[in-house]
Amino acid sequence: MLRFAPSPTGDMHIGNLRVAIFNYIVAKQRGERFIVRIEDTDRERNIEGKDREILEILNLFGLEYDDLYYQSKNLTIHQHMAIKLLEERKAFACFCTPEELESEREAAKSKGVAYRYSGRCELLSDEEVLKNEKPFTIRLKKPEKEVQFDDLIKGKMTFRPDDIDSFVIMRADKSPTYNFACAVDDMLHDITLVIRGEDHVSNTPKQIHIRNLIGYDKEIEYAHLPIILNEDGKKMSKRDSASSVKWLFEEGFLPEAIANYLILLGNKTPKEVFTLKEALEWFDLENISKAAAKFDIDKLRFLNREHMKLMDSKELSRAFGFADSAIGELVKCYLEEGSTVKEIKPKIEAIFSAKPKESEWSEEMAQLAEAIKSAPAFESFDEFKSYLMQKTGLKGKKFFKPLRLLLTGAEHGPELSHLYPHLKSYLLEIVK
Ligand code: GLU
């Protein structure tokens with residue numbers, strides 16, 4: 001079983017989407033189930049409605065999941081597991097206050113050494129623990145030996161006990177920390193492979209250690225994806241607008257192109273333009289580069305245009321918010337004029353909007369509009385053109401410039417002869 005485990009704490013980041021896509025692909029390839037687990041245990045950071053937004057995005061990308069879980073539903077299991085670890089003395093109650101811990105952290109920082117928990121509460125006797133009525137967290141005892149795992153992308157990873165440290169698994173309000181809830185749930189859901197971002201690498205030994213102490217001996221494989229860098233070579237953060245899937249949609253990028261781009265990024269693929277379905281045939285985590293990949297919006301724009309070319313006119317119409325597939329045909333004529341829905345849509349809308357009255361061609365436009373209103377339906381542009389020329393007596397520049405303005409609302413654009421077949425059934429609406 002594979003899983004996508006987003007936290008409902010903000011807009012979906014392209015890094016998260018990439019993780020979702022990869023988990024989906026590998027689950028399909030292995031014939032295993034793919035589940036979504038909303039990691040909503042950090043109540044303070046949760047944002048109302050973000051879970052639904054994430055699920056809608058998965059839906060738009062066609063990432064179907066077999067089951068949906070909310071981590072908070074497992075709260076009592078997390079609590080029971082933590083108490084069991086306490087009873088078995090694999091964990092201990094920690095009464096250190098946030099202020100004490102903070103000043104220890106500060107002290108370590110000013111000495112220039114990495115902060116480690118002092119170990120103070122691990123030494124308390126049972127009596128001291130029982131008579132203490134102050135709030136406490138539960139800390140897991142650090143491992144005695146190194147923790148190792150073989151990452152499918154990064155290779156062998158080794159962590160020393162001190163780097164794992166005695167860490168908190170239950171907060172003072174008795175909610176589980178991310179590492180504890182995640183480690184327990186991956187076990188409960190019988191997860192076989194975890195694909196996630198590289199920012200989680202240091203969590204992995206902690207999660208393995210948790211399951212070791214619980215006594216779960218089934219090995220879970222891991223693949224940590226290199227981070228995505230922005231155009232300045234820095235980690236792509238919330239401040240980079242292109243990191244938000246929502247923003248990319250607003251800018252008129254299509255799910256097909258975004259998915260293509262995220263699979264292509266830092267990967268060796270047999271081709272450059274492909275669909276998610278095609279990627280199922282050849283995708284292999286082993287081809288993912290160990291190095292961070294740089295986000296290149298121009299590449300995404302190129303792919304967006306390529307996918308618009310590939311789409312049939314009905315799909316394309318829908319992507320532009322129209323039901324009539326003739327609009328999709330029209331869009332195809334405009335693909336050289338822009339790369340995104342946002343760039344091309346105004347050009348399509350201009351065709352159907354009122355045309356500028358104050359143009360230097362307004363007289364000719366009025367003449368042409370009259371002629372079009374009384375014209376019979378012509379199949380070909382040539383017939384249409386000859387009819388209008390004859391009717392109005394206009395020719396050359398004086399004919400083509402105003403005709404273009406009248407039909408498209410723009411001075412430049414695709415050949416009128418290419419546009420005509422797709423405009424001809426709307427002519428009265430266009431010149432109204
Ligand atoms: N909830 C974590 C996040 O959104 C992901 C945890 C995981 O994949 O293990 O970053």
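Numbers for residues simply follow the sequence, beginning at 1. Each ligand, and each atom within it, is numbered from 1 in the order the structure gives.
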Taking only non-hydrogen atoms of Ser7 and a 4.0 Å limit, the atoms of ligand 1 in range are 1 (N), 2 (C), 3 (C), 4 (O)
Only residue of Pro8, Ser7, Pro6 satisfying side chain to side chain contact (heavy atoms under 4.5 Å, CB included) with Lys50 is Pro8
Logged contact type for Cys182 with ligand 1, heavy-atom cut-off 4.0 Å, is side chain
Taking only non-hydrogen atoms of Glu39 and a 4.0 Å limit, the atoms of ligand 1 in range are 1 (N), 2 (C), 5 (C), 6 (C)
- Using 30° and 60° as the class limits, which term best fits the ring planes of Tyr24 and Phe34: parallel, tilted or perpendicular? perpendicular
* Classify the angle between the aromatic ring planes of Phe283 and Phe22 as parallel (below 30°), tilted (30 to 60°) or perpendicular (above 60°). => tilted
Among non-hydrogen protein atoms, atom 10 (O) of ligand 1 lies closest to His200 NE2, 3.0 Å
Is ligand 1 less than 4.0 angstrom away from at least one heavy atom of Gln207?
no
Short N-O contact, Glu315 and Arg318, less than 4.0 angstrom: no
Test side chain to side chain contact (heavy atoms under 4.5 Å, CB included), reference Phe149, set Thr204, Thr158, Ile220, output is Thr204
among protein heavy atoms, the one nearest atom 7 (C) of ligand 1 is Arg3 NH1, 3.3 Å
closest protein heavy atom to atom 9 (O) of ligand 1 is Arg196 NH1, 2.6 Å
re atom 6 (C) of ligand 1, the protein heavy-atom contact at minimum distance is Tyr178 OH, 3.1 Å
Among non-hydrogen protein atoms, atom 5 (C) of ligand 1 lies closest to Ala5 O, 3.2 Å
At under 4.0 Å between heavy atoms, what of Phe4 touches ligand 1? The answer is neither
For the pair Phe381 and Phe384, name the ring-plane relationship: parallel under 30°, tilted 30 to 60°, perpendicular over 60°. tilted
Donor-acceptor contact below 3.5 Å, side chain His13 vs main chain Gly15: yes
